[in-house]
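See structure below.
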Amino acid sequence: MKCTNKPKKRLSKKAQRKRKIRRTLFLSMFFVILLLAGVLGIFMLKGKQAVDAPMAFKLTTEVFGQTIGEDSLVAEGVAADLCVGAGDTPLEGIETQGEERAALFDIKDKKLLFSKSLYEKSYPASITKIMTALVALDKANMDEVVTIQAQDVQLEADSQVCGLLEGDQISMDQLFHALLVYSANDAAMAIARTVGGSVESFVDMMNEEAQRLGMTGTHFVNPHGLHDDDHYTTVYDIYLMLNEAMKHQEFTDITQLSNYTINYKAADGTAMQKWLDATDQYLTGESSAPKGVTILGGKTGTTGKAGACLALMVQNNYGEPYVSIVLDAENKPVLYERMNQLLEKVNRS
């Protein structure tokens with residue numbers, strides 16, 4: 001059987017134009033699809049980078065049962081300069097008991113090394129006085145002579161006081177020392193009334209400063225920390241407050257003192273002196289910090305509802321700073337035992 005090839009039919013010019021148009025459209029669609037795929041790939045890569053970003057710059061966590069974002073944890077624009085973390089952060093060798101709350105912050109590297117109940121509502125007791133000091137440093141005239149009034153000394157019977165009496169005259173600077181060295185509640189009241197015009201106005205200043213620092217889990221109702229159900233904070237907010245206070249040389253100088261003698265005049269003009277021991281057992285020698293750890297400053301606090309509390313700024317044997325906080329310990333021996341567990345972690349091998 002003979003096979004013959006039929007000649008191909010030549011397309012008309014109109015058909016050739018149509019084919020060219022179809023080919024052009026096909027190529028155009030193909031390049032559009034490639035472009036979209038490339039854009040999608042870029043977004044997916046950026047999304048992965050966002051997920052892998054450091055916790056300090058992108059996080060959500062639970063505060064009082066509500067999920068909140070980074071903007072609610074720290075003041076705007078300062079997140080990169082602070083240690084931030086979400087949830088409990090374990091660290092080998094650190095164990096807390098019961099309702100204790102604690103944290104260890106590496107200030108130099110901006111890392112949260114350990115935390116338990118970092119954002120849980122807590123009672124600060126006299127750690128409150130860090131904020132009292134911050135407002136006083138900003139607003140008070142340390143040379144002003146203050147006359148003690150009855151409301152300054154009308155406190156609970158077992159309240160920590162330096163024993164000032166109505167009519168006594170004492171400088172703001174001496175009150176400031178009594179506040180931070182001896183944790184004197186009468187000094188806190190006199191400072192608040194004098195600086196704020198009233199204790200209530202001063203407390204408003206404290207809450208305004210707390211907001212400025214990004215302390216979103218804090219509310220103050222007094223300048224001394226005696227218990228009130230509506231007077232509360234968190235471990236993380238205490239870190240923010242202490243971190244700010246340690247920027248002031250006056251604060252660090254005073255909170256490193258093991259004792260101080262206040263000088264003032266009684267109502268009848270008699271010169272008076274009172275020796276005040278520090279409430280921090282590391283400073284008085286009743287407790288010893290781990291070898292190579294230097295106490296730079298901080299504040300104690302104790303009430304029945306708050307338990308035994310301590311917030312410290314320390315440095316290791318390399319001169320690197322850390323903040324260590326323990327709240328609601330069962331008693332002072334347990335408090336310093338727990339604090340030493342944290343402080344033992346600040347020196348690198």
Side-chain angles (χ1 to χ4, degrees), residues 124-156 158-207 209 220-226 231 241-242 244-280 283-284 297-302 311:
S126 285
I127 289 178
T128 297
K129 295 185 176 85
I130 297 175
M131 182 58 75
T132 305
L134 277 173
V135 176
L137 283 167
D138 183 46
K139 304 293 185 182
N141 174 4
M142 291 297 170
D143 295 326
E144 181 177 0
V145 175
V146 177
T147 300
I148 301 301
Q149 297 185 6
Q151 69 180 90
D152 302 333
V153 296
Q154 292 172 348
L155 296 159
E156 298 174 9
D158 59 349
S159 179
Q160 175 92 343
V161 295
C162 58
L164 296 171
L165 300 174
E166 183 179 2
D168 289 349
Q169 292 190 322
I170 185 170
S171 73
M172 182 65 69
D173 177 70
Q174 297 291 285
L175 288 172
F176 196 71
H177 279 76
L179 175 83
L180 293 177
V181 174
Y182 192 64
S183 198
N185 294 327
D186 46 356
M189 289 291 286
I191 290 170
R193 174 186 55 77
T194 303
V195 174
S198 70
V199 174
E200 293 75 16
S201 294
F202 186 86
V203 171
D204 288 341
M205 295 178 187
M206 294 171 67
N207 285 315
E209 179 66 7
F220 297 115
V221 299
N222 63 56
H224 42 62
L226 291 174
H231 186 99
M241 182 168 62
L242 180 57
E244 181 69 17
M246 295 301 292
K247 297 175 184 177
H248 297 269
Q249 190 64 46
E250 303 96 320
F251 182 90
T252 57
D253 287 347
I254 294 172
T255 56
Q256 291 182 62
L257 295 174
S258 60
N259 59 73
Y260 188 78
T261 300
I262 57 171
N263 293 274
Y264 61 101
K265 289 183 179 180
D268 63 2
T270 303
M272 304 288 289
Q273 284 190 335
K274 285 194 176 179
W275 173 284
L276 304 176
D277 284 317
T279 56
D280 185 340
L283 299 176
T284 60
K299 190 70 192 72
T300 61
T302 306

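Just the heavy atoms: all of them, side chains too, but no hydrogens, waters or symmetry mates, feed the values below. All residue numbers refer to positions in the sequence shown, counting from 1.
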Q: Determine which pairs satisfy salt bridge (Lys or Arg N to Asp or Glu O under 4.0 Å) with at least one residue from residues 170-195, sequence neighbours left out, and list them in order.
A: D152-R193
Q. Rounded to the nearest 0.5 Å, how far apart are CE of M272 and CD of Q169?
A. 13.0 Å
(Q) Looking at every non-hydrogen atom in both residues, tell me the closest pair between G298 and L242 and how far apart they are. (A) CA-CD1, 4.2 Å
**Q.** Separation between CG of L175 and CD1 of I262, rounded to the nearest 0.5 Å
**A.** 7.5 Å
**Q.** Distance (rounded to the nearest 0.5 Å) between E244 CD and F251 CZ
**A.** 11.0 Å
Q: Please examine the side chains of M189 and V153, heavy atoms only from C-beta on, and report whether any two atoms are closer than 4.5 Å.
A: no
Q.
If you compare all heavy atoms of A150 against all heavy atoms of E166, which two are closest, and at what distance to 0.1 Å?
A. CB-OE1, 3.7 Å
Q: Say whether, by atom type as modelled, one donor and one acceptor occur between the side chain of Q174 and the main chain of N263 under 3.5 angstrom.
A: yes
Q) Does any non-hydrogen side-chain atom of M205 lie less than 4.5 Å from one of D138? A) no
Q | Heavy-atom check, side chain of H224 versus side chain of T128, under 4.5 Å | A | no
Q. Which heavy-atom pair separates S201 from G196 by the least distance, and what is that distance?
A. CB-O, 3.2 Å
Q | Any side-chain heavy-atom pair of K274 and Y264 under 4.5 Å | A | yes
Q. Any side-chain heavy atom of H248 sitting closer than 4.5 Å to one from L134?
A. yes
Q) Taking atom types as modelled and ignoring hydrogens, do the side chains of N185 and Q160 form a donor-acceptor contact shorter than 3.5 angstrom? A) no
Q. Which pair of heavy atoms, one from L155 and one from V161, lies closest together, and at what distance?
A. CD1-CG1, 3.8 Å
